[in-house]
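Just so it is clear: chains get the letters A, B, ... in the order the sequence lines come, proteins before strands, and each one is counted from 1. Worth knowing before you read on, the calculation uses all heavy atoms, side chains too, and leaves out hydrogens, waters and symmetry mates.
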2 protein chains.
Amino acid sequence: MGNDDALNLENEIGFALYACSKGWIQKYSPVLERLNLTYTSYLTMLALWEQDKISVSELGKKLYLDSGTMTPLLKKMEKQGFISRDRSEFDERVVFIQLTEKGRALHKQATKLLSTLKESLGTMENNSWAEGLKQLLPKLYLK
Amino acid sequence: MGNDDALNLENEIGFALYACSKGWIQKYSPVLERLNLTYTSYLTMLALWEQDKISVSELGKKLYLDSGTMTPLLKKMEKQGFISRDRSEFDERVVFIQLTEKGRALHKQATKLLSTLKESLGTMENNSWAEGLKQLLPKLYLK
DNA sequence: TACAATTCTATTGTATACAATTTTTTTAAA
DNA sequence: TTTAAAAAAATTGTATACAATAGAATTGTA
C-alpha cells in the first residue's frame, strides 16, 4: 500500500486521458479530411450546427478554447467558405459567427461519412462502460 | 431512440476526452512550471524515471509520440540539463536518452511538489469511478 | 460626464503534435 | 557482394493550444 502514490506513467489518469484523446482524434482525422475538416474545425461545426449565429467568445466557451485559438481557426474556416464572421452592429467588440450555405450543407455529408466510423466505434461505445465514460468524463472538466 | 446517433457535442465521447485531457493538463501546468517542466516533458521524465537509457523510438512508443515531436522536445530537455542524448556505438541510427544527475534529482522535488496537487485530485480519484477510469481508458488507446 | 474598470477580439510568443519526406545506417535478398 | 528494403532519427510544413499582452469598445461609477 502507499505505492499508488508513486510517480509513474501507468498511475497517471492524466496520461490515460491524453493518450486516449489523441488516439480518438486520429481515428476521426482521415474521415474528416474528406470533408476538409480537422478535428478542431469539426468540433466547431458541431457547435454551430447546434447553435448558429454565436459570438466568438460563446463559441470558445462551448469548446473550451480561447481567442488565441479561435481567431485563426475561424479565419481559416471563413476562407474555406464554411462560415462568415461579422462584427455586431450593437456592440462592435463582438464578432458573430454564422454558417454559410456550404457550412449548413456539410452537415448531411458529415452524418453520412461518419456513420460508418461511428458504427465501428459504436461496437465499443455499446459496451457497458462507454455510457459510463460519457457521464464520468464531464465531471473531470476541470476548468 | 435513434437520436443518439445525431451529431452533437454532448454525444461525442471524443470531445469529452479532449476537453477532459486539456483540463487535466492545465491543473498540472502551474505546478510543473516550478520544476521547469511542461506536461509533455513531465511525461517524458516519468518514462525515464521508470526506465533510464532508452532509445528515442522506444521512448516515443511509451508516450505515443513520433520523432517529429520527440526530437525537438529532447533537444530542449538536453539544453535544460535533464537528459543526455548519445548515439549508440553498435547502431549509429539509434540515439539513447539518459537522465543526468540533475534529471534524477528532479524526481524527489517532483514527488514533493506534486503530492499536494495529487491529494486534492486524489479526493476525486478516490471516488469509486476513478479507479474504473484508469482501467477503462487504456482500452480506448486506439493506436 | 470624465475616467477607471471590464469585455471582447486579435496578436505575439512558446510549446506541442503529426504527416510526409529526407538522410544515414543496417539488414535482407538476389 | 552489389542492391533493394527497412529502420531510426531528423527535418519540413501545417495545425493546434494557451499565456500574456494589446487595442478598441462598452459599462460602471464617482
Side-chain angles (χ1 to χ4, degrees), chain A residues 14-15 17-33 36-44 54-61 63-80 83 85-97 142-143, chain B residues 14-15 17-33 36-44 54-61 63-80 83 85-97 142-143:
Chain A
F15 177 60
L17 286 167
Y18 163 87
C20 205
S21 167
K22 288 195 307 172
W24 194 270
I25 289 170
Q26 277 174 39
K27 276 283 177 191
Y28 268 63
S29 293
V31 179
L32 295 176
E33 199 175 8
N36 287 310
L37 292 174
T38 62
Y39 193 73
T40 309
S41 56
Y42 168 62
L43 293 180
T44 305
I54 180 175
S55 73
V56 172
S57 60
E58 284 303 311
L59 196 50
K61 260 176 224 159
L63 300 171
Y64 300 93
L65 294 170
D66 74 0
S67 69
T69 305
M70 293 308 292
T71 297
L73 172 68
L74 293 170
K75 280 183 177 175
K76 189 190 149 210
M77 292 174 72
E78 182 185 39
K79 197 175 287 180
Q80 289 179 295
I83 61 165
R85 296 163 62 246
D86 299 292
R87 213 160 270 276
S88 163
E89 298 173 61
F90 310 106
D91 185 340
E92 300 237 341
R93 295 169 303 181
V94 175
V95 170
F96 280 115
I97 305 301
L142 298 173
K143 200 186 179 178
Chain B
F15 176 60
L17 286 167
Y18 163 86
C20 204
S21 167
K22 288 195 307 173
W24 194 270
I25 289 170
Q26 277 174 39
K27 275 284 178 192
Y28 268 62
S29 293
V31 180
L32 295 176
E33 198 175 6
N36 288 307
L37 292 174
T38 61
Y39 193 73
T40 310
S41 56
Y42 168 63
L43 293 180
T44 305
I54 181 175
S55 73
V56 171
S57 60
E58 284 302 311
L59 196 50
K61 260 176 224 159
L63 300 170
Y64 301 93
L65 294 171
D66 75 0
S67 69
T69 304
M70 293 307 293
T71 297
L73 173 67
L74 293 171
K75 281 184 176 174
K76 189 191 149 208
M77 292 175 72
E78 182 185 38
K79 197 175 285 182
Q80 291 179 294
I83 60 164
R85 296 163 62 249
D86 299 291
R87 215 159 267 278
S88 164
E89 298 173 62
F90 310 106
D91 185 340
E92 300 238 341
R93 293 171 302 182
V94 176
V95 169
F96 280 116
I97 305 301
L142 298 172
K143 199 187 179 179

Nearest to side-chain heavy atoms of A/K76, which nucleotide of C/dA10, D/dA15, C/dT9
D/dA15

How close or far is atom C1' of C/dC18 from atom OH of A/Y39, stated in whole angstroms?
16 Å

What are the two closest non-hydrogen atoms of B/L59 and B/I54, and how far apart are they?
N-CD1, 3.7 Å

Report yes if at least one side-chain N or O of B/K22 is closer than 4.0 Å to OP1 or OP2 of D/dC18; otherwise report no.
yes

Who passes salt bridge (Lys or Arg N to Asp or Glu O under 4.0 Å) against A/K61, sequence neighbours left out?
A/E58

Taking the minimum atom-to-atom distance to the side chain of B/V94, which one of D/dC18, D/dA8, C/dT9 wins?
D/dA8

Short side-chain N/O contact from A/R85 to OP1 or OP2 of C/dA10, under 4.0 Å:
yes

Sugar-phosphate or base contact per nucleotide [nucleotides 20-29 of chain D; S, B, -; heavy atom under 4.0 Å]
-----BS---

Quick check on D/dA15: is either OP1 or OP2 less than 4.0 Å from any side-chain nitrogen or oxygen of A/S41?
no

Using Watson-Crick or G-U wobble geometry with both distances under 3.5 Å, which nucleotide pairs with D/dA30?
C/dT1

How long is the line joining CG of A/L73 and P of C/dT11, in whole Å?
14 Å

Output the rounded distance in Å from CD (B/Q80) to P (C/dT14).
14 Å

What is the nucleic acid contact for A/S29, judged by heavy atoms within less than 4.0 Å: base, sugar-phosphate only, or nothing?
nothing

Partners of A/R85 by salt bridge (Lys or Arg N to Asp or Glu O under 4.0 Å), sequence neighbours excluded?
A/E78

So does A/K61 get a side-chain nitrogen or oxygen closer than 4.0 Å to the phosphate oxygens (OP1/OP2) of C/dC8?
no

Between A/Y18 and A/S57, name the one whose nearest nucleotide on DNA chain C is closer to the 5' end.
A/S57

Within less than 4.0 Å of OP1 or OP2 of D/dA15, is there a side-chain N or O belonging to A/T40?
no

Rounded to whole angstroms, how far apart are CG on A/L74 and P on D/dA15?
15 Å

Between C/dT9 atom C1' and A/R87 atom CZ, what is the distance in whole Å?
6 Å

Partners passing salt bridge (Lys or Arg N to Asp or Glu O under 4.0 Å) against B/R93 (at least two apart in sequence or in another chain):
B/D91

For residues 66-77 of chain A, pull every pair meeting salt bridge (charged side-chain N to carboxylate O under 4.0 Å, His left out), keeping only residues two or more places apart or in separate chains.
none

For B/Q80 and B/N36, which heavy atoms make the closest approach, and how far apart are they?
NE2-O, 3.1 Å

If you check every side-chain atom of A/Q26, which of C/dC18, C/dT11, D/dA9 has the closest atom?
C/dC18

Using whole Å, report how far CG of B/L32 lies from P of C/dA15.
14 Å

Hits for ring pair (Phe, Tyr, Trp, His ring centres under 6.0 Å) against A/Y39, two or more places apart or cross-chain, chain-then-number order -> A/Y28

Where the side chain of B/T71 meets the backbone of B/S67, is there a donor-acceptor pair that is under 3.5 Å apart?
yes

Within this structure, what is the CG-to-P distance between B/L65 and D/dA8, rounded to whole angstrom?
17 Å

Contact class for B/T38 vs. all strands (heavy atom < 4.0 Å): base, sugar-phosphate, or nothing?
sugar-phosphate

To the nearest angstrom, the NZ-P distance between B/K75 and D/dA9 comes to 13 Å

Between B/T71 and D/dA10, is there a contact of a side-chain N or O with OP1 or OP2 at under 4.0 Å?
yes

